[in-house]
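Every value quoted in this text rests on a predicted model; they were computed, and no experiment measured them. These numbers come from the heavy atoms of this one structure, side chains and all, not from hydrogens, waters or symmetry mates.
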Amino acid sequence: MNDNSTSVVPPARRLNLFVYHKHLLLSLGGIFVVLMIISVVVQCLYVAQGRAMPFSRVDDMSVTGMNKAQVAKLLQTSYAPAQLTLKVQKQEVKTTLAKAGITPDYDKVVVRLYDRANALRFVPFSFFRGIFRPIQVATILDQDRFAEFAKEIVPQCQRAPQDADVSVTGKGELRLTPAVDGTTCSAETLRTQLAATPVTKQGVTRTVALTVVKPAVSTASAGQLLAQVKALTDRQLNVQLMNKSYTPTSATIAGWLTFSNDPITKKPTVSFSADALTVYLTTLQQDVYVAPTATVIQLSDGMESSRQVGRSGRGIDMAHGVQLLQDQLQTGDGAVQLATVSLPPPITYSRNYSKTQAGLQALLDDLVVSKGDYAISLQQLGGSGWSASTNGGKVYTPASTYKLFVAYAVLKQIENSQRSWTDDATAGQNVSQCFDNMIINSDNICAEWFGGQLGWKTITDMIHAAGLSNATSLNTSQGFVATADDEALFLTKLQTGQLLNPDSTARLLNVMGRQVYRSGIPAGTSVAVADKVGFLNGLLHDAAIVYAPSGTYVLVIMSNGSSWGQIADAARQINALLQ
């Protein structure tokens, strides 16, 4: 027998092994096909129910099984409170993304999340893409809210450039101070920066891009004038005032100089600053000055009650004196005789207001006169029941205060079962979420969607039926218009339950109490306030219900070209009189 012989598998056994492996492969293949079918079925079921597929992620958040409204709510609660930190110069400005007008682009997230599911639902195991390729959150910028935010940031970017200057040292030597560049930024640059910035739940930190501002007079330009400057500062000047005589030094004369570039020749020039000469004459005036005493007019509730006449004083004829100095310095050495003039007594007003309706009306009148383009309307709902209005019928673009009328129309639909809080709205939100966002964050997307759904004419007809005048409308060829009196009437009826049922009234007052822009009437009164602000292209409005200790009242302030600080000051004075 040969020990090196190899064993031979009998043909029957080879056949059995082949059949075994074939069955094994078929079984494994069958299991895989079944898993594929289950995967497709599961994906189809998720899509059919409007839910995100398994393992779906938005940034680092799992959204598996969520519907569109749930995803929108998750994004809103996660990103709206996130902090925005802007580094400007050496300072940091902190706010929330929502207040800066930055909101997640719900529609884009929903399209990428659910449309992708539709396209891939018949591809087995496509849900595993969510593990490796989470959806990134894009953002949209609310232009009105951003414009208001930019007003706070842009001034902090600005550092004025410093022109080159020439001075005279204590030893009589000329010294050239180099020019220094300034900086600025624009709302448009900031908008571009933020639009390109990805957001996270942890917030966003950006360094604001600054633009260099060159000084009008460069170091080189000022250097070219040194010879001319020396000739001017060497002037021998004698200034005479009544029985006194003054001789300005070279260093003093150097302080009067100003440098610029000739607009025609573009060459650097040196001249004398009228402001600097006025400051010099003001110091001389102390030797001859007799202060006038003021005429004091006492006003009670806007009516003059007494007058104390002041007396004239004495001072230098500033305009004439400045011209004399400039002429003499340009001519050469010499003397200047200054003249004095009688200074008329200034007029001051002492105003007081009685705690009466007449006093309240006088205060509103004076506030409007002092603050400019203003309209103020007030109605006490408690206390004495006073009402007052100045320019209350003046028509303004209401800016975002119109959203109160939209909210009213939405709530009437809810009351009439024509709409439900859980209905889909826009930007991936339901009606409830959109309603809150429209008032709390002054969101434009939701307000415009509601308006388009309801119809601007329908909303206008509803507020007219509620008693507002034709001066207030959301359906004119010139755009939206409103008056302070109409907005005050609307809030009066809201607070007193004449517009909506108790649940709807409470819902609107609740979101008004939580709106984020609190620098106007709430800041001035320092009490609980439910309000809605509006800001657009210089317009600043605040329509408020003020829950004061002395009694609730409605206060509406509409303005053009003012500031939140001015509105807060008006509210402070009004609130003090009512207490």
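Salt bridge Asp181/Arg159: absent, no basic N to carboxylate O contact under 4.0 Å. Using a 4.0 Å cut-off between a side-chain N of Lys or Arg and a carboxylate O of Asp or Glu, Asp485 and Lys394 do not qualify as a salt bridge. The pair Asp461-Lys457 meets the salt-bridge criterion, since a charged nitrogen lies less than 4.0 angstrom from a carboxylate oxygen. Using a cut-off of 4.0 Å between Lys/Arg side-chain N and Asp/Glu carboxylate O, Asp542 and Arg518 are scored as not salt-bridged.
Inter-residue side-chain proximity for Arg514 and Asn441 is flagged as unmet; no heavy-atom pair is nearer than 4.5 Å. Taking 4.5 Å as the limit, some side-chain heavy atom of Asn437 sits within range of a side-chain heavy atom of Gln429. Residues Val341 and Ile316 fail the side-chain proximity criterion, which asks for heavy atoms closer than 4.5 Å. With contacts defined as side-chain heavy-atom distances shorter than 4.5 Å, the pair Gln83/Gln202 does not qualify.
Thr460 and Asn475 share no side-chain donor-acceptor pair at under 3.5 Å. Thr476 and Ser473 form no side-chain donor-acceptor contact under 3.5 Å, judged by distance and modelled atom types alone. Counted by atom type alone, Asn575 and Gln579 present one or more donor-acceptor pairs between their side chains at under 3.5 Å. Side-chain polar atoms of Ser504 and Glu415 form a donor-acceptor pair below 3.5 angstrom. If you check the side chains of Glu487 and Thr401, you find a donor sitting under 3.5 Å from an acceptor. Side chains of Gln298 and Ser350: a donor on one and an acceptor on the other come within 3.5 Å. Between the side chains of Gln89 and Thr183, at least one donor N or O sits under 3.5 Å from an acceptor N or O. When only modelled atom types and interatomic distance are considered, Ser400 and Ser442 share a side-chain donor-acceptor pair under 3.5 Å. Side-chain polar atoms of Thr85 and Glu92 form no donor-acceptor pair below 3.5 angstrom. There is a side-chain donor-acceptor pair under 3.5 Å between Thr496 and Gln498. A donor and an acceptor atom, one from each side chain of Arg507 and Ser432, are located under 3.5 Å apart.
Every pair tested for ring-ring contact (aromatic ring centres under 6.0 Å, His included) that includes a residue from residues 347-382 fails, sequence neighbours excluded, so the list is empty. For residues 454-556, there are no disulfide (SG to SG under 2.5 Å) pairs, not counting sequence neighbours. Identified under the ring-ring contact (aromatic ring centres under 6.0 Å, His included) test for residues 530-569, with sequence neighbours left out: Tyr396-His541, Tyr517-Phe535. Residue pairs satisfying the disulfide (SG to SG under 2.5 Å) criterion with at least one member in residues 427-539, sequence neighbours excluded, are listed as follows: Cys434-Cys446. Applying the disulfide (SG to SG under 2.5 Å) rule to pairs touching residues 542-579 yields nothing, sequence neighbours excluded.
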- Given side chain to side chain donor-acceptor pair (under 3.5 Å), test Gln308 with Thr295 step by step and report yes or no. CA-CA 5 Å; Gln308 180 180 348; Thr295 293; over 6 Å; no

- Would you check, one step at a time, whether the test salt bridge (Lys or Arg N to Asp or Glu O under 4.0 Å) holds for Lys403 with Asp443? CA-CA 9 Å; Lys403 293 167 186 173; Asp443 182 79; over 6 Å; no

- Query: Can you check side chain to side chain contact (heavy atoms under 4.5 Å, CB included) on Gln478 and Thr397, steps first, answer last?
  - Reply: CA-CA 9 Å; Gln478 291 78 36; Thr397 298; over 6 Å; no

- Intermediate values then yes/no, side chain to side chain donor-acceptor pair (under 3.5 Å), Gln357 and Ser384: CA-CA 9 Å; Gln357 180 159 311; Ser384 302; over 6 Å; no

- Task: Determine, step by step, whether Leu210 and Thr184 satisfy the side chain to side chain contact (heavy atoms under 4.5 Å, CB included) criterion, reporting the C-alpha distance in whole Å, the side-chain angles of both residues, the deciding distance to 0.1 Å, and the verdict.
- Result: CA-CA 6 Å; Leu210 301 177; Thr184 188; over 6 Å; no

- Walk me through it: do Asn430 and Thr422 pass the test side chain to side chain donor-acceptor pair (under 3.5 Å)? CA-CA 6 Å; Asn430 61 26; Thr422 57; over 6 Å; no

- Task: Mind running side chain to side chain contact (heavy atoms under 4.5 Å, CB included) on Val556 and Phe490 for me, showing each step along the way?
- Result: CA-CA 10 Å; Val556 176; Phe490 178 87; over 6 Å; no

- Could you please spell out the steps behind the side chain to side chain contact (heavy atoms under 4.5 Å, CB included) verdict for Leu363 and Leu367? CA-CA 6 Å; Leu363 173 59; Leu367 285 171; 4.0 Å; yes

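Around atom CD of Gln418, more than 12 heavy atoms belonging to other residues, nucleotides or ligands sit under 6.0 Å away. When the shell of 6.0 Å around CG of Asn416 is examined, it contains more than 12 heavy atoms from other residues, nucleotides or ligands. Counting heavy-atom neighbours within 6.0 Å of Lys151 NZ, excluding the residue itself, gives a total above 12. The environment of Arg311 atom CZ is sparse: at most 12 non-hydrogen atoms of other residues, nucleotides or ligands sit within 6.0 angstrom.
Side-chain N or O atoms of Lys87 include none that pairs as donor or acceptor with a backbone N or O of Val208 at under 3.5 Å. Here the side chain of Asp423 pairs a donor or acceptor atom with the backbone of Ser420 at under 3.5 angstrom. Using a distance-only test at 3.5 Å, with no hydrogens or angles considered, no donor-acceptor pair links the side chain of Asp165 to the main chain of Thr177. A side-chain donor-acceptor contact under 3.5 Å links Gln380 to the backbone of Trp386. Using modelled atom types, no side-chain atom of Arg351 and backbone atom of Asp301 make a donor-acceptor pair closer than 3.5 Å. Of the possible polar contacts, none joining the Glu152 side chain to the Glu148 backbone as a donor-acceptor pair under 3.5 Å is found. The backbone N or O of Leu468 lies less than 3.5 Å from no partner atom in the side chain of Thr472, so there is not a single donor-acceptor pair. Counting only distance, with no hydrogens or angles, the side chain of Ser300 and the backbone of Met303 share no donor-acceptor pair below 3.5 Å. Looking only at distances, no side-chain donor or acceptor of Lys532 sits under 3.5 Å from a matching main-chain atom of Met512.
With sequence neighbours left out, the side chain to side chain donor-acceptor pair (under 3.5 Å) criterion links Asp424 to no other residue.
Aromatic ring orientation, Phe435 versus Trp421: perpendicular (interplanar angle above 60°, classes split at 30° and 60°).
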